[in-house]
Amino acid sequence: MRIAYEQILSALSRCLAERGFEGLEAQLSAIEEPRPWGVSSNVCFTLAPRIAASRIEAASAGLSKAEAKKLAIDLGREAGVQLASELALELQQLCSQGCFPYIERVEAEGPYLNFYYDAAALAHMITGTVRVMDERFGQGICSGMQPGDECYRGYDCMPRRIMVEYAQPNTHKDFHVGHLRNASIGQAIANLLEFQGHTVYKATYLGDVGLHVAKAMWGAAHAQELGVAPAASDAPQDRLAFWGRCYKAANARFEAEGGEAVQAEVRAWLAHWEEGSVEARSQWQSSRDECDRAFRDIFAELLVDFTADPNCWFYESIVDDTRLGQKTAEELKRRGIAQVDESEKYAGSLYVHFEEHLGRLLPGEIRARETALGRELREGERAELEAQLGKTLRRLGKMVILRSDGTSLYQTKELGLAKHKFDLVREKTGEPLAESLYVVGAEQKLYFEQVFSILKLWGFPNAENCRHISYELVVLPEGKMSSREGTVVSYRELKDEAVRRAEEIIREKGLITEEQQIQETARKVALAAIKFTMLQVGGNQQIVFDFEQALSFDGRAAPYLQYAYARAGKLTAGASLEQGGNGIQPTAVHELHASEIALARWLSSFPSVCQTAAERFEPAGLCNYLYSLAAAFSDFYRDCRVIDAPQPERAFRQGLCEAFRTVLRTGFRLLALPLPEAM
RNA sequence: GCGCCCGUAGCUCAGUGGAUAGAGCAUCAGUCUUCUAAACUGAUGGUCGCAGGUUCGAUCCCUGCCGGGCGCGCCA
C-alpha cells in the first residue's frame, strides 16, 4: 500500500529542510502488528547523532574514550526522541488539515515517527479496490506498459520477454519428488513474472537420449532374466514406472563387477542409435513417446504447462540430431576460445580454459561496471576488477565441450540450445528475448557459470542475461536421491497416498456426497498439499524429505488455506454485493472489529508480496503470505458473524470475505495450486 | 585444498539493519445445540552455531572459527 506515501515524504522533507537538513532521502516502512496499521519513518534515528554533535563535543571534553562514547549515545538518543516529538506535532497539524489521505494521526514513539491510518476508511477502500480489480488485483504496476514508457518508481520492471526453463526430467526414469520441487518452483516463478507484466516463455528440456536410455533399453530386452516386473497396464504412468525399473536393474548389472559385457552391449546400442539404425531408433521412439505421454499427464495434473507457440518443449535428441552442439563447439574452436586437448588420455577433445581468456572478457566487464557506476573507472579500480575477474576465471578452471571421440557432452548441447532459444523467439516474434532463466538445482552452479562464461567469450549479446535460478535439492534422511540406485521417492507413490488420505477425510466429514466430487476434491487437496510442501521452503534451504510431513493436512499446509477459502465461500454465497455500492466509499461507517482490520491489512500487502516474490525468484514468500492471510481470515471468522449480522456490517463483511477469496484465488493461481470450492 | 549453500524453540521452517524474534508439528490443558473442529484458545519451549568487528541500533552486514550439505575435465 502506497497510499499517502508521497504526501508524507514531501511534508517530512520540508520539515527537515527547515531544520537545515536538505535533500534527505527519508523512507517509510510499514508498521508491523501488533501495532496499529500505519507507516513509520526512522529519520530521527539517523539524524540524532548529527543534531547532538555539538552538544556531545562540548560535554565530552575531558572524558575517557569509553565514557565519551556512552555519553554520545545517550545524548544522541535524547536528541532523536526530541526531534521525533517535534516533527510529530508539526505533521499532526498538517494531518488534521487533511493533507495525508487515509492518515488519521501522527505520533512519536521514542525516536519513531509513526503515521497511523484511519483503519476503517482504509479497510473499506481496500475491499472495494479488490472487488473492482478482481483477478488483476496485485498485478505488477508496469504490466500493460509500452516500451519507452517510464515507470514512475524508476524500477526495472518494464515488461520484457523472458524464457524460463524448468522441470527437465529424463525419460526412461521415474519422476520423483525432486522433479516435483523443480516443476513447482519453476511454474510459480513463470506465473509470478507473467503477473508482473512480462511475456514469459515456459520451456522444458527432456533428456531423452544418452547412456541412461541405452541402459533402460538393455534392461527391457533382458527384463525377464533381470526379474523386472512388467508394466501393470498400458497406461502411460505404468509404462514410465516400467522403464524406470528397467533402468535401475540394467544399471546394477552395468556397474557390477564383471559388467564389461553389459557395458559393451549398452554402448553398442547407443552407437547404433547415433548412427541412425532403424531398429534402435524405432525402439527408442516408441519408448520415448510413452514416457513423454506420462510426463504430459503429470504436468497437466500439476498445473504445469509449457509454451506451445513457439514450441518450448525441447528434446535433447533434437539438439543431438541437429548437431547444434557440435556446430557450436566447432565455432568455439574456430574463434580460438576452445582448444584441442593433446594429452594422451583425451586426445582430440575440445576444452575451454577460462583463465587464458581474461583479456577477452575484461573490456566487457569494465564497460558493465562503468555503466553501473555511471562514470569511468579509475586505474586502481580497473586493476582490482581485473584481479577479481582473474580469480573468478581460475575458479572456473577448464570445461570440456567435446569428447575425444567427437560426440557431444551435456554442456555441448546446452551451449547450442542456449543460442537456439534466443534465435527461436526472435524468429517467431521478431522481438528479442531479453532474459533466459534456468531453474536447476544448486549442485549445477559451477556448471552454469562455466556455460554462461563460454557464451560471453563467444560474444553472445545476451550472455549476461542468462541466469541460473538455483535451489537446493530434496534429499532423503539417508542422503541424496538417485534414480540410478533406485533411492527415490516416486511422485506417483506420494500422490496416490496423498489422494487416498484426503479422500478418507472427506468421506469422514461427509459434507460432500457426490462420488465424483469427492474424488475431484481429494485430488485438489492432495496435489496442493504436496506442492505447497515443496514451495513453502525457501530455495536455498535443502529439503530433507519426510513422507509423513509432506502428507500433513494440518497447520501450515495447503489444506488450511483451502479450508479458509471454502468457509469464506459459504459466507458470500448468494449475497448481493451490490448492496455495498462500489465499495470504495464506505456506505456507512460502523465500528470495525480488530480482526476485520487485520484481514484488510493483510489483503493490502498482496501486491508488494507478489512483486518481491517475482524479483527474488522466490515463491516461498507468497506461500508464507497466503498462510498468514488465511490465518487472519480464521481470526475474523472466529470473531465476527457474517450472515446473521445486521447491516451495514453484513455487507462490509461479505465484501471482505469476497476480497479474501479473490486474493487467495489469485495466489493459488500464481503458485499453480488447485483450489476446491468446498471441502 | 578451493568455491557455493545452510546453522533460529525438542523436530521442520519463517523472519527483518529498528520497537517485546514468530509459525507449524510434538507435549499438556481447553472449545462443536451458534456461518465447515482440515479450525480455534491457552500453557510449555530461544546464549538466533561460536568469537570478534562495523553501526545510534546486528539474528540480519563484514572477518575468523566450528558443525552439516553440495560442487570442483570426457556423468547428466
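Keep in mind the model is a prediction, meaning the values are calculated, not measured. Sequence lines set the chain letters: A, B, ... in the order given, protein chains first and strands last, and positions in each chain run from 1.
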Would you indicate what [X] reaches in the nucleic acid, counting non-hydrogen atoms under 4.0 angstrom: base, sugar-phosphate, or nothing?
| X | value |
| --- | --- |
| A/R641 | base |
| A/D635 | sugar-phosphate |
| A/F553 | base |
| A/A48 | nothing |

Between [N] ([atom2]) and [X] ([atom1]): distance, integer Å:
| X | N | atom1 | atom2 | answer |
| --- | --- | --- | --- | --- |
| A/Q450 | B/C2 | CD | P | 19 Å |
| A/L626 | B/G24 | CG | C1' | 16 Å |
| A/Q536 | B/C25 | CD | P | 12 Å |
| A/F633 | B/A37 | CZ | P | 11 Å |
| A/F115 | B/A19 | CZ | P | 19 Å |
| A/M679 | B/A39 | CE | C1' | 11 Å |
| A/D320 | B/A76 | CG | C1' | 13 Å |
| A/L446 | B/C5 | CG | C1' | 14 Å |

So, does [X] get its side chain near the phosphate of [N], meaning an N or O under 4.0 Å from OP1 or OP2?
| X | N | answer |
| --- | --- | --- |
| A/R403 | B/A76 | yes |
| A/R35 | B/A19 | no |
| A/K570 | B/C35 | no |
| A/N170 | B/A76 | no |
| A/R567 | B/A37 | yes |
| A/K509 | B/A38 | yes |
| A/K480 | B/G68 | no |
| A/Q549 | B/G24 | no |
| A/Y563 | B/A38 | yes |

Problem - B/C32, syn or anti by chi within 90 degrees of zero - result: syn
Handout entry: Check: A/N114 side chain, B/A19 base, donor-acceptor under 3.5 Å
Key =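 Side chain to base: pair present.
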Exercise for the section: Please confirm whether any donor atom in the side chain of A/D341 sits under 3.5 Å from an acceptor in the base of B/G73, or the reverse. Expected result: yes
Practice task
Examine A/F452 together with A/Y438 and report whether their ring centres are nearer than 6.0 Å.
Solution key: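 Between A/F452 and A/Y438, the centre distance is under 6.0 Å.
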Practice task
Using heavy atoms to find the nearest nucleotide of RNA chain B for A/K413 and A/A678 separately, return the residue whose nucleotide is more 5′.
Solution key: A/A678
Problem - Heavy atoms of other groups near A/E32 CD, more than 12 under 6.0 Å - result: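 Not more than 12 within 6.0 Å, no.
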